[in-house]
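Structure first, then comments.
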Amino acid sequence: MASTSPVVAFIGLGTMGFPMAGHLSQQGYQVVVYNRTQAVAERWLQQYAGSSAATPAEAAAQAQVILSCVGNDQDLKQVYLGDNGIIAGAKTGSILVDHTTASAGVATELASAAAQAQLHFLDAPVSGGEAGAVNGCLTVMVGGEQSDLDKVEPILQCYAKAINLLGPVGYGQSCKMVNQLCIAGILQGLSEGISLAKAANLDIDKVIEVLQHGAAGSWQLNNRAKTMANNQFDFGFAIDWMRKDLAICFNEADKLGVELPLAKQVDAQYAKLQQRGYSRADTSVLIKQFDHED
């Protein structure tokens, strides 16, 4: 890659951020990383070419494009707005891209703070889970200005297969809420369908083969139906995180006067599963709502 390629900072090396930052390095970008737990940054540097920074501000100061992927609204405020945060360190004109699944409100707050510092901000949550991050085929839902997205899109393409601008800042997060609500409903349907299929002694492989080509076809059917039937629930996106995302959906729905009865039913089942020790199991563990014999 040419020497004029931008230096890219990546803040947050969790389940998603670690491989996403790795793709940037492998594509030849100069990557500077920051992670709250320094040992994780050191492990990343053992696998990929790049450098690490002691604070988000230090990482941001070295880059023209600053990417983030952290846990929640509070984490975002800390890494963006703190004395050692991204906005304090970023150079005028830098573009900040946040991949965290968070509220539309915090996206608007960060964009306002960025604008006051003559910085550009995009909220850009992702879908595709750990496998999508590892394989570089995430879907990115963006809120912000098209001109800003145009500048960073080649960078995002290092780990994304689809990148779409939904509207102004906050719209990316709103679209991610829709995504999570749809997943919740599809998993409930799959849980009920597979439970019936097993009770009827159907061959799950044949059921999947038949259904995937019809109106019941979905990513969840293709990738999770068989593992759900086989009692395998170790695929990255834990129900702890799904409940965090659903709470964001419920809060937004309350503001908009929208009813979410199925999502609330699913959330209640996830809460029961957490109490049964499945907090770190992935979202497809929803099927165990019908299996109380562990």
Side-chain angles (χ1 to χ4, degrees), residues 15-16 19 101 125-141 159-164 166 174-246 248-250 253 258-274 276 278-294:
T15 301
M16 304 292 286
T101 296
V126 298
S127 181
E130 182 179 6
V134 169
N135 296 321
C137 57
L138 293 167
T139 295
V140 187
M141 311 159 210
Y159 45 75
K161 67 175 180 182
I163 303 164
N164 292 101
L166 278 299
S174 294
C175 186
K176 181 61 186 285
M177 294 175 209
V178 176
N179 184 79
Q180 301 308 75
L181 292 170
C182 291
I183 289 172
I186 291 166
L187 284 171
Q188 180 66 21
L190 265 183
S191 296
E192 295 179 13
I194 293 167
S195 295
L196 179 64
K198 290 174 74 173
N201 293 317
L202 290 173
D203 183 316
I204 296 297
D205 289 342
K206 290 181 180 177
V207 169
I208 296 168
E209 175 59 32
V210 170
L211 298 188
Q212 67 183 353
H213 301 297
S218 70
W219 186 97
Q220 297 289 347
L221 174 78
N222 293 347
N223 291 275
R224 293 291 177 264
K226 186 172 182 178
T227 53
M228 289 165 76
N230 291 336
N231 226 32
Q232 298 171 329
F233 308 108
D234 186 22
F235 298 98
F237 191 66
I239 63 174
D240 279 355
W241 290 106
M242 183 60 158
R243 291 204 69 210
K244 183 268 289 187
D245 291 356
L246 288 175
I248 294 170
C249 297
F250 299 149
V258 175
E259 300 285 335
L260 301 176
L262 179 56
K264 288 183 177 177
Q265 175 190 329
V266 170
D267 184 60
Q269 293 297 337
Y270 280 141
K272 292 178 182 177
L273 290 164
Q274 285 176 318
R276 291 169 58 193
Y278 291 111
S279 290
R280 301 305 302 162
D282 79 83
T283 48
S284 67
V285 77
L286 186 63
I287 194 172
K288 291 193 77 66
Q289 69 185 278
F290 303 118
D291 173 17
H292 300 293
E293 303 294 328
D294 290 327

Q.
For the CG atom on Asp240, are there more than 12 heavy atoms of other groups (residues, nucleotides or ligands in this structure) within a distance under 6.0 Å?
A. yes
One should read off an interatomic distance between Phe250 CZ and Asp245 CG, to the nearest 0.5 angstrom, of 10.5 Å
Verify side-chain contact (heavy atoms from CB on, under 4.5 Å) between Val140 and Asn164, making sure each step is shown before the conclusion. CA-CA 6 Å; Val140 187; Asn164 292 101; over 6 Å; no
Next item on the list: Begin with the C-alpha distance, continue with both residues' side-chain angles, and end with the deciding distance and a verdict on side-chain contact (heavy atoms from CB on, under 4.5 Å) for Leu190 and Ile287.
Entry: CA-CA 8 Å; Leu190 265 183; Ile287 194 172; over 6 Å; no
* **Working for side-chain contact (heavy atoms from CB on, under 4.5 Å), residues Leu286 and Val266** => CA-CA 8 Å; Leu286 186 63; Val266 170; 3.9 Å; yes
Separation between OG (Ser279) and CD (Gln274), nearest 0.5 Å, reads 4.5 Å
Taken to the nearest 0.5 Å, the spacing of Leu166 CG from Lys176 NZ works out to 12.5 Å
All heavy atoms of Gly185 vs all of Leu262, minimum pair found to be CA-CD2, 3.6 Å
Closest non-hydrogen contact found for Cys249 with Leu260 is O-CD1, 3.9 Å
Can you give the donor-acceptor pairs under 3.5 Å from side chains of residues 224-233 to other protein atoms, not counting sequence neighbours?
from	atom 1	to	atom 2	distance (Å)
Thr227	OG1	Arg224	O	2.9
Asn230	ND2	Lys226	O	3.3
Asn231	OD1	Lys288	NZ	3.3

Residues Thr101 and Pro125: closest non-hydrogen pair is OG1-CB, 4.2 Å
Residues at least two apart in sequence or cross-chain that pass side chain to side chain donor-acceptor pair (under 3.5 Å) with Tyr159, listed by chain then number, are His99
Side chain of Asn135, backbone of Cys137: donor and acceptor closer than 3.5 Å? no
Rounding to 0.5 Å, atoms CD1 (Ile183) and OG1 (Thr283) come to a distance of 6.5 Å
When every non-hydrogen atom of Ala197 is compared with those of Ile204, the smallest separation belongs to CB-CD1, 3.8 Å
In terms of heavy-atom contacts, Ser218 and Ile186 come closest through OG-CG2, 3.8 Å
All heavy atoms of Leu181 vs all of Ala263, minimum pair found to be CD2-CB, 3.5 Å
(message) I'd like to check Leu138 versus Ser127 (side-chain heavy atoms, cut-off strictly below 4.5 Å). Are they in contact?
(response) no
Output for pair (Ile248 CD1, Ser174 OG), nearest 0.5 Å, gives 11.0 Å
With sequence neighbours left out, the residues meeting side chain to side chain donor-acceptor pair (under 3.5 Å) with Glu192 are Gln188
d(Glu130 CD, Asp282 CG) to nearest 0.5 Å is 10.5 Å
I'd like to check Arg280 versus Trp241 (side-chain heavy atoms, cut-off strictly below 4.5 Å). Are they in contact? yes
